[in-house]
Amino acid sequence: MEEQTRSNFIKDFINIDIKENKNGGKIVTRFPPEPNGYLHIGHAKSIALNFGLAKEFNGVCHLRMDDTNPSKEDVEYIESIQEDIKWLGFDWGTNFFFASDYFETLYGYAIELIKAGKAYVCDLSPEEMRLYRGTLVEAGKESPYRNRTVEENLDLFQKMKNGEFPNGTRVLRAKIDMSSPNLNLRDPIIYRIQHTHHHRTGDSWCIYPMYDFAHPLSDAIEKITHSICTLEFEDHRPLYDWFVNNIETPGDPRQIEFARLNLNYTVMSKRKLLELVQKKYVVGWDDPRMPTISGLRRRGYTPEAIRNFCDAIGVAKSNSTVDVALLEHFVREDLNTKAPRVMAVLNPIKVVIDNYPENQVEYFEGEYHPDFPEIGSREVAFSKEIFIEREDFEENPPKKYFRLAPGQEVRLKYAYYITCTHVVKNDTGEIIEVHCSYDPESKGAKTADGRKVKGTIHWVSASHSKNVEVRLYEHLFTCPNPGEERDYKDDLNPTSLTTISAKIEENLANSTHFQFLRNGYFCIDSKDSTSEKPIFNRVVSLKSSYKPE
RNA sequence: AGGGGCGUCGUCAAGUGGUAAGACACUGGAUUUUGAUUCCAGCAUUCGUAGGUUCGAAUCCUGCCGCCCCUGCCA
């Protein structure tokens with residue numbers, strides 16, 4: 001199973017840097033989430049990339065909370081982020097940081113820029129600043145405050161820090177080039193006034209650094225060597241480099257951009273995910289239909305499946321949308337080897353075996369896994385009345401229907417062969433009972449004559465099964481690209497969750513994940529399930545090559 | 001006076017001048033007490049396009065075409 005870790009353009013860059021002995025050949029990456037939401041599968045790609053690179057090149061990967069905007073951030077998110085990364089199987093060791101840890105240093109860096117004549121306090125209002133910025137095709141105009149003296153800037157910046165000005169009245173800007181075709185270089189804001197309580201620094205600051213300033217410098221402080229981010233920051237790289245080059249810092253990080261993950265039939269933006277949670281379209285961040293790590297975990301996805309998926313999708317620079325079928329493939333692949341097989345009937349119809357003795361109960365051994373007998377087996381009770389899936393009986397079967405039909409013989413997994421003799425219907429013509437006869441010679445679901453029975457179906461004994469709640473999930477959205485043609489919420493799938501009552505065999509294996517034979521992979525809901533009232537989530541269905549004509 | 005990126009199979013994606021990997025999906029077929037799993041086979045004469053350089057081009061050059069990102073005191 002040893003797999004060649006595949007190459008990508010980032011590894012190529014790193015290999016060149018190592019060859020040139022940049023940073024003494026050391027590799028330090030970082031995963032820098034803003035604690036303003038829960039992590040999702042797209043973050044998993046970045047996490048796997050950053051931690052994976054560190055591991056492959058014998059380096060380390062830091063976890064850094066990018067908490068420079070207290071108005072949007074919350075400690076709840078800080079906790080969930082750590083939990084999710086750990087659950088995915090990655091370890092930052094002792095390298096857990098906060099951008100807010102660097103506020104004092106960052107402030108000093110700003111002073112350094114002011115003293116060098118490379119930053120100034122600007123009094124333009126937000127609207128004025130927008131006007132002065134110019135447009136995509138026209139140069140901007142220089143701020144009238146651009147040429148204040150160093151002393152005046154120092155004094156004003158000090159007053160900003162001291163809380164002497166209200167929000168929005170002044171900012172600190174880098175003095176770069178108002179006519180740059182790259183808008184990011186038109187004297188970007190590096191500090192804004194925001195009288196907001198910060199979840200870590202409390203009320204000690206009322207000015208907060210902007211991402212473009214805080215990020216490269218935080219990287220430099222931590223001596224990050226390779227700062228990997230998504231494509232939309234490509235335009236910011238010259239600014240990233242400007243700060244690193246114009247300020248005396250411990251490190252010399254380099255920014256590399258890659259394409260973020262998109263998945264079809266879902267949305268990935270934090271804004272949309274937040275809205276789904278806040279407006280109760282889903283039950284929470286960990287709703288099993290959400291593409292969040294906590295949602296996938298509750299749905300029954302395993303860390304291995306997610307990691308294998310991240311390895312498989314690759315890392316490149318072209319915008320792309322990965323098919324969810326690939327994610328589903330990796331859970332099936334993982335659960336196939338791990339999940340004990342068990343029988344549950346999701347849509348029951350009663351079968352009465354007329355020639356089976358009343359009150360008789362037999363127990364058949366059912367292996368938990370056909371490929372790994374060592375994981376054991378259990379005894380499954382069999383009796384005169386059983387339940388099978390409604391879809392496993394057809395009064396007028398199509399061609400190549402291998403299941404139960406009038407006069408047709410079928411194998412009951414582990415038990416006997418049965419043949420349908422007749423059906424009982426109610427007043428409205430609905431079949432309420434299927435009557436069968438069984439072949440006593442087929443005990444153990446095989447016969448000495450070697451006769452072929454093409455179909456094998458699963459079942460539960462009516463009096464030896466219990467009712468459980470099962471939650472069936474489908475894609476959260478009905479179309480591959482939600483929001484492409486209208487508001488994304490209008491593309492929400494009304495049947496993304498179906499709750500049903502199912503019949504399941506009595507004594508379940510001691511496991512969280514199961515394969516319900518012929519149905520799919522299921523897991524116990526970690527939040528709502530109790531021993532009195534078990535609840536199962538369908539992780540993913542089994543593949544099926546059955547297609548009725 | 002616009003700038004920055006990206007175009008290789010239905011979807012991802014290797015390929016770095018020597019004659020198109022792999023995965024998912026899909027289609028056949030074998031085995032099967034899960035129409036699952038497993039196994040085997042098929043699936044880009046061509047790399048957005050048009051020219052050029054070369055013995056040889058997905059890879060180099062030029063021109064077109066298409067798509068994405070950038071005018072928050074968000075990250």
Side-chain angles (χ1 to χ4, degrees), chain A residues 4 6-8 12 32-34 36 66 68-69 71-73 122 124-126 129-131 133-140 167-173 179-186 188-194 207-208 210-212 214-215 229-238 257 259 261 264 270-271 309 311-330 332-333 336-337 341 343 366-367 369-371 400-403 411-415 417 444-446 453-458 480 515-520 541-547:
Chain A
Q4 183 79 25
R6 82 159 106 181
S7 178
N8 62 50
D12 293 343
E34 183 190 12
N36 68 345
D66 213 344
T68 57
N69 185 3
S71 65
K72 292 188 174 177
E73 297 152 8
C122 182
L124 252 25
S125 71
M129 200 165 301
R130 182 164 43 78
L131 263 18
R133 189 156 33 228
T135 68
L136 292 177
V137 292
E138 294 165 56
N167 289 355
T169 52
R170 267 170 251 258
V171 294
L172 183 70
R173 293 226 256 170
S179 63
S180 172
N182 182 343
L183 298 266
N184 296 118
L185 264 19
R186 319 242 263 226
I189 296 171
I190 60 187
Y191 266 95
R192 79 282 215 184
I193 298 169
Q194 196 181 119
I207 54 171
Y208 291 96
M210 300 289 289
Y211 168 87
D212 281 319
H215 202 88
C229 64
T230 44
L231 253 27
E232 67 270 26
F233 293 106
E234 214 150 12
D235 287 341
H236 296 238
R237 191 172 45 202
E257 311 83 14
L261 170 67
N264 57 13
K270 276 189 178 179
R271 198 207 99 228
F309 170 76
D311 288 343
I313 55 178
V315 177
K317 292 194 69 157
S318 60
N319 289 312
S320 60
T321 301
V322 175
D323 193 338
V324 260
L326 187 62
L327 219 208
E328 294 170 347
H329 161 77
F330 283 106
R332 286 196 188 98
E333 182 184 74
N336 177 42
T337 63
R341 273 58 171 168
M343 294 196 289
E367 58 195 358
H369 196 118
D371 303 328
K400 296 245 196 107
Y401 184 78
F402 304 147
R403 287 107 94 153
R411 173 187 292 114
L412 293 177
K413 181 81 175 176
Y414 312 129
Y417 293 175
K446 57 180 183 293
V453 173
K454 186 70 179 160
T456 300
I457 65 174
H458 59 98
Q515 184 196 103
F516 289 178
L517 224 57
R518 302 205 309 132
N519 266 318
S541 63
L542 250 30
K543 292 212 294 182
S544 172
S545 59
Y546 174 61
K547 32 189 186 304

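Protein chains get the first letters and strands the later ones, always in sequence-line order, with residue 1 at the start of each.
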Undergrad: Rounded to the nearest Å, what distance is computed from the CG atom of residue D371(A) to the C1' atom of nucleotide U32(B)?
TA: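 D371(A) atom CG is separated from U32(B) atom C1' by 10 Å.
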
Undergrad: Counting any heavy atom closer than 4.0 Å, what does D12(A) reach on the DNA or RNA strands: base, sugar-phosphate only, or nothing?
TA: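 Base contact.
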
Undergrad: Mark yes or no for whether R332(A), through its side chain, and S541(A), through its backbone, hold a donor-acceptor pair below 3.5 Å.
TA: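 Present.
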
Undergrad: Sticking with atom C1', work out how far A44(B) lies from A14(B), rounded to a whole angstrom.
TA: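 Between the two C1' atoms, the distance is 14 Å.
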
Undergrad: Classify the nucleic acid contact of V453(A) as base, sugar-phosphate or nothing, counting any heavy atom under 4.0 Å across all strands shown.
TA: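 Result for V453(A) = nothing.
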
Undergrad: Using a 4.0 Å heavy-atom cut-off across all strands, classify R186(A) as base, sugar-phosphate, or nothing.
TA: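 Base contact - R186(A) has a heavy atom under 4.0 Å of at least one base atom.
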
Undergrad: Report the residues that fulfil salt bridge (charged side-chain N to carboxylate O under 4.0 Å, His left out) with E328(A), sequence neighbours left out, ordered by chain and then residue number.
TA: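 E328(A): no salt bridge (charged side-chain N to carboxylate O under 4.0 Å, His left out) contacts found.
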
Undergrad: Whole angstroms only, please: what is the CG-C1' distance between N336(A) and U37(B)?
TA: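 Interatomic distance, CG of N336(A) to C1' of U37(B): 5 Å.
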
Undergrad: Kindly write out the residues that satisfy side chain to side chain donor-acceptor pair (under 3.5 Å) with R518(A), not counting sequence neighbours, or none if the list is empty.
TA: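 Here the qualifying residues are D392(A).
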
Undergrad: Quick check: any donor-acceptor pair below 3.5 Å linking the side-chain of R403(A) to the base of G35(B)?
TA: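 Counting by modelled atom types and ignoring angles, a donor-acceptor contact under 3.5 Å is found here.
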
Undergrad: Taking the side chain of A325(A) as its heavy atoms from C-beta onward, which of C24(B), G4(B), C74(B) lies nearest to it?
TA: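 Nearest nucleotide to the side chain: C24(B).
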
Undergrad: Which part of the nucleic acid does K400(A) contact within heavy-atom distance under 4.0 Å: base, sugar-phosphate only, or nothing?
TA: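 Base contact.
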
Undergrad: Closest approach to the side chain of L183(A), judged atom by atom: which nucleotide of U37(B), G2(B), G35(B) is it?
TA: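 The answer is G2(B), which lies nearest to the side chain.
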
Undergrad: Under the side chain to side chain donor-acceptor pair (under 3.5 Å) rule, collect the residues that match up with K72(A), sequence neighbours excluded.
TA: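 K72(A): no side chain to side chain donor-acceptor pair (under 3.5 Å) contacts found.
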
Undergrad: If you measure from the C1' atom in A1(B) to the same atom in G52(B), how many Å do you get, rounded?
TA: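 Result for the C1' pair: 31 Å, nearest Å.
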
Undergrad: Side chain to side chain donor-acceptor pair (under 3.5 Å) with H329(A): which residues, sequence neighbours excluded?
TA: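 Scan of H329(A) (side chain to side chain donor-acceptor pair (under 3.5 Å), adjacent residues dropped) gives none.
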
Undergrad: Checking understanding here: a glycosidic angle within 90° of 0 is syn, the rest anti, so what is G72(B)?
TA: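 Base orientation relative to the sugar is syn.
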
Undergrad: Mind checking the C1' distance from G66(B) to U19(B)? Whole angstroms is fine.
TA: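 About 29 Å, rounded to a whole number of Å.
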
Undergrad: Can you find a donor-acceptor N/O pair under 3.5 angstrom joining the side chain of N182(A) to the base of G4(B)?
TA: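 Side chain to base: no pair present.
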
Undergrad: Could you check whether F516(A) gets within reach of a base, just the sugar-phosphate, or nothing at all, counting any heavy atom under 4.0 Å?
TA: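 If one applies the 4.0 Å heavy-atom cut-off, F516(A) turns out to touch nothing in the nucleic acid.
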
Undergrad: Which comes earlier along RNA chain B counting from the 5' end, the contact point of P33(A) or that of L517(A), where each point is its nearest nucleotide?
TA: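 With P33(A) and L517(A) compared, the 5'-side residue is L517(A).
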
Undergrad: Considering only the P atoms, how many Å lie between C61(B) and G7(B), rounded to the nearest integer?
TA: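 Result for the P pair: 15 Å, nearest Å.
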
Undergrad: Side chain of R133(A) only, heavy atoms from C-beta on: which candidate in G72(B), A75(B), A14(B) is closest?
TA: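 Nearest listed nucleotide: G72(B).
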
Undergrad: Does C55(B) pair with anything, Watson-Crick or G-U wobble, both distances under 3.5 Å, and if so, with which nucleotide?
TA: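 Its partner is G18(B).
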
Undergrad: Using a 4.0 Å heavy-atom cut-off across all strands, classify H236(A) as base, sugar-phosphate, or nothing.
TA: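 The residue H236(A) makes base contact.
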
Undergrad: Using the P atom as the reference point in each nucleotide, state the distance between U16(B) and A58(B) in Å, no decimals.
TA: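 The same atom, P, in both gives a distance of 12 Å.
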
Undergrad: Looking at the side chain of F330(A), which of C74(B), A23(B), C69(B) is the nearest nucleotide?
TA: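 When the side chain of F330(A) is considered, A23(B) is the closest of C74(B), A23(B), C69(B).
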
Undergrad: Could you identify the nucleotide paired to C64(B), looking across every strand shown and requiring Watson-Crick or G-U wobble geometry with both distances under 3.5 Å?
TA: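 G48(B) is the nucleotide pairing with C64(B).
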
Undergrad: Is Q515(A) touching bases, backbone alone, or none of the nucleic acid, heavy atoms closer than 4.0 Å?
TA: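 Q515(A): base contact, heavy atoms under 4.0 Å.
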
Undergrad: On a whole-Å scale, what distance lies between the P atoms belonging to C39(B) and A75(B)?
TA: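 Each nucleotide's P atom is 50 Å from the other's.
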
Undergrad: When you get a sec, tell me which of G5(B), A36(B), U71(B) is the closest nucleotide to the side chain of L542(A)?
TA: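 The answer is A36(B), which lies nearest to the side chain.
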
Undergrad: Answer yes or no: is there a donor N or O on one side and an acceptor on the other, between the side chain of N8(A) and the main chain of G314(A), under 3.5 Å?
TA: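 No, N8(A) side chain to G314(A) backbone: no donor-acceptor pair under 3.5 Å.
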
Undergrad: If you look at every strand shown and take non-hydrogen atoms under 4.0 Å, does E138(A) touch a base, only sugar-phosphate, or nothing?
TA: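 It contacts nothing in the nucleic acid.
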
Undergrad: Using a heavy-atom cut-off of under 4.0 Å over every strand shown, decide if T68(A) touches base, sugar-phosphate, or nothing.
TA: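 The residue T68(A) makes sugar-phosphate contact but no base contact.
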
Undergrad: What's the closest nucleotide to the F402(A) side chain, out of A36(B), A14(B), G35(B)?
TA: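 So the nucleotide nearest the side chain must be G35(B).
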
Undergrad: Using a cut-off of 4.0 Å on non-hydrogen atoms, how would the nucleic acid contact of Y208(A) be classed: base, sugar-phosphate, or nothing?
TA: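 Here Y208(A) touches no strand at all.
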
Undergrad: May I ask you to say what L124(A) touches in the nucleic acid, namely base, sugar-phosphate or nothing, with a heavy-atom cut-off under 4.0 Å?
TA: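 Since a base atom lies under 4.0 Å of L124(A), the category is base.
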
Undergrad: Just the atom pairs and distances: protein N or O near nucleotides 9-12 of chain B's N or O, under 3.5 Å.
TA:
{"unit_1": "U11(B)", "atom_1": "O3'", "unit_2": "T321(A)", "atom_2": "O", "d": "3.1"}
{"unit_1": "U11(B)", "atom_1": "O2'", "unit_2": "T321(A)", "atom_2": "O", "d": "2.9"}
{"unit_1": "C12(B)", "atom_1": "OP1", "unit_2": "T321(A)", "atom_2": "N", "d": "2.9"}
{"unit_1": "C12(B)", "atom_1": "OP1", "unit_2": "T321(A)", "atom_2": "O", "d": "3.4"}
{"unit_1": "C12(B)", "atom_1": "O5'", "unit_2": "T321(A)", "atom_2": "O", "d": "3.1"}
{"unit_1": "C12(B)", "atom_1": "O3'", "unit_2": "S320(A)", "atom_2": "OG", "d": "3.4"}
{"unit_1": "C12(B)", "atom_1": "O2'", "unit_2": "I313(A)", "atom_2": "O", "d": "3.0"}

Undergrad: Measure from the side chain of K317(A), starting at C-beta and using heavy atoms only, and say which of C6(B), U34(B), A25(B) lies closest.
TA: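 Output: C6(B).
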
Undergrad: Nearest whole Å is fine: how far is G4(B) C1' from L231(A) CG?
TA: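 Value for this atom pair: 10 Å.
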
Undergrad: Is C9(B) paired to anything, Watson-Crick or G-U wobble with both distances less than 3.5 Å, and if yes, which nucleotide?
TA: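 Across any shown strand, C9(B) pairs with none.
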
Undergrad: Counting Watson-Crick and G-U wobble pairs only, both distances under 3.5 Å, name the nucleotide matched with U27(B), or none.
TA: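 Per the H-bond distance test, A41(B).
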
Undergrad: For atom P, what is the distance between U62(B) and C24(B), given to the nearest Å?
TA: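 Approximately 40 Å lies between the P atom of U62(B) and that of C24(B).
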
Undergrad: Indicate, with a heavy-atom threshold strictly under 4.0 Å, whether Y414(A) touches base, sugar-phosphate, or nothing.
TA: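 Here Y414(A) touches the bases of the nucleic acid.
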
Undergrad: Base, sugar-phosphate, or nothing: which does K413(A) touch, judged by heavy atoms less than 4.0 Å apart?
TA: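 The residue K413(A) makes base contact.
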
Undergrad: If you only use heavy atoms from C-beta on, which nucleotide in U34(B), C69(B), C74(B) is closest to the side chain of R518(A)?
TA: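 Side chain of R518(A) sits closest to U34(B).
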
Undergrad: From the options G35(B), C74(B), G4(B), select the nucleotide whose nearest atom is closest to the side chain of Y401(A).
TA: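 Nucleotide nearest to Y401(A)'s side chain: G35(B).
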
Undergrad: Expressed as a whole number of Å, how far does the C1' atom of U31(B) sit from that of A23(B)?
TA: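 It works out to 24 Å between them.
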
Undergrad: A side-chain contact here means heavy atoms from C-beta on lying under 4.5 Å apart; do H215(A) and F233(A) qualify?
TA: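 When only atoms from C-beta onward are counted, F233(A) and H215(A) do not touch, as no gap falls below 4.5 Å.
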
Undergrad: Just to be sure I understand the rule, does P370(A) reach a base, reach only the sugar-phosphate, or reach nothing, if contact means heavy atoms closer than 4.0 Å?
TA: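 Here P370(A) touches the bases of the nucleic acid.
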
Undergrad: Mind checking side chain to side chain donor-acceptor pair (under 3.5 Å) for S320(A) and listing every partner two or more places apart, or none if nothing turns up?
TA: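 Per chain and number, S320(A) pairs via side chain to side chain donor-acceptor pair (under 3.5 Å) with no residue.
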
Undergrad: Choose from G4(B), U71(B), G3(B) the nucleotide whose nearest atom is closest to any side-chain atom of R130(A).
TA: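 So the nucleotide nearest the side chain must be U71(B).
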
Undergrad: Could you check whether the side chain of R341(A) and the base of U34(B) have a donor-acceptor pair of N or O atoms closer than 3.5 Å, going by distance alone?
TA: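 By the distance-only test, yes, there is a pair.
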
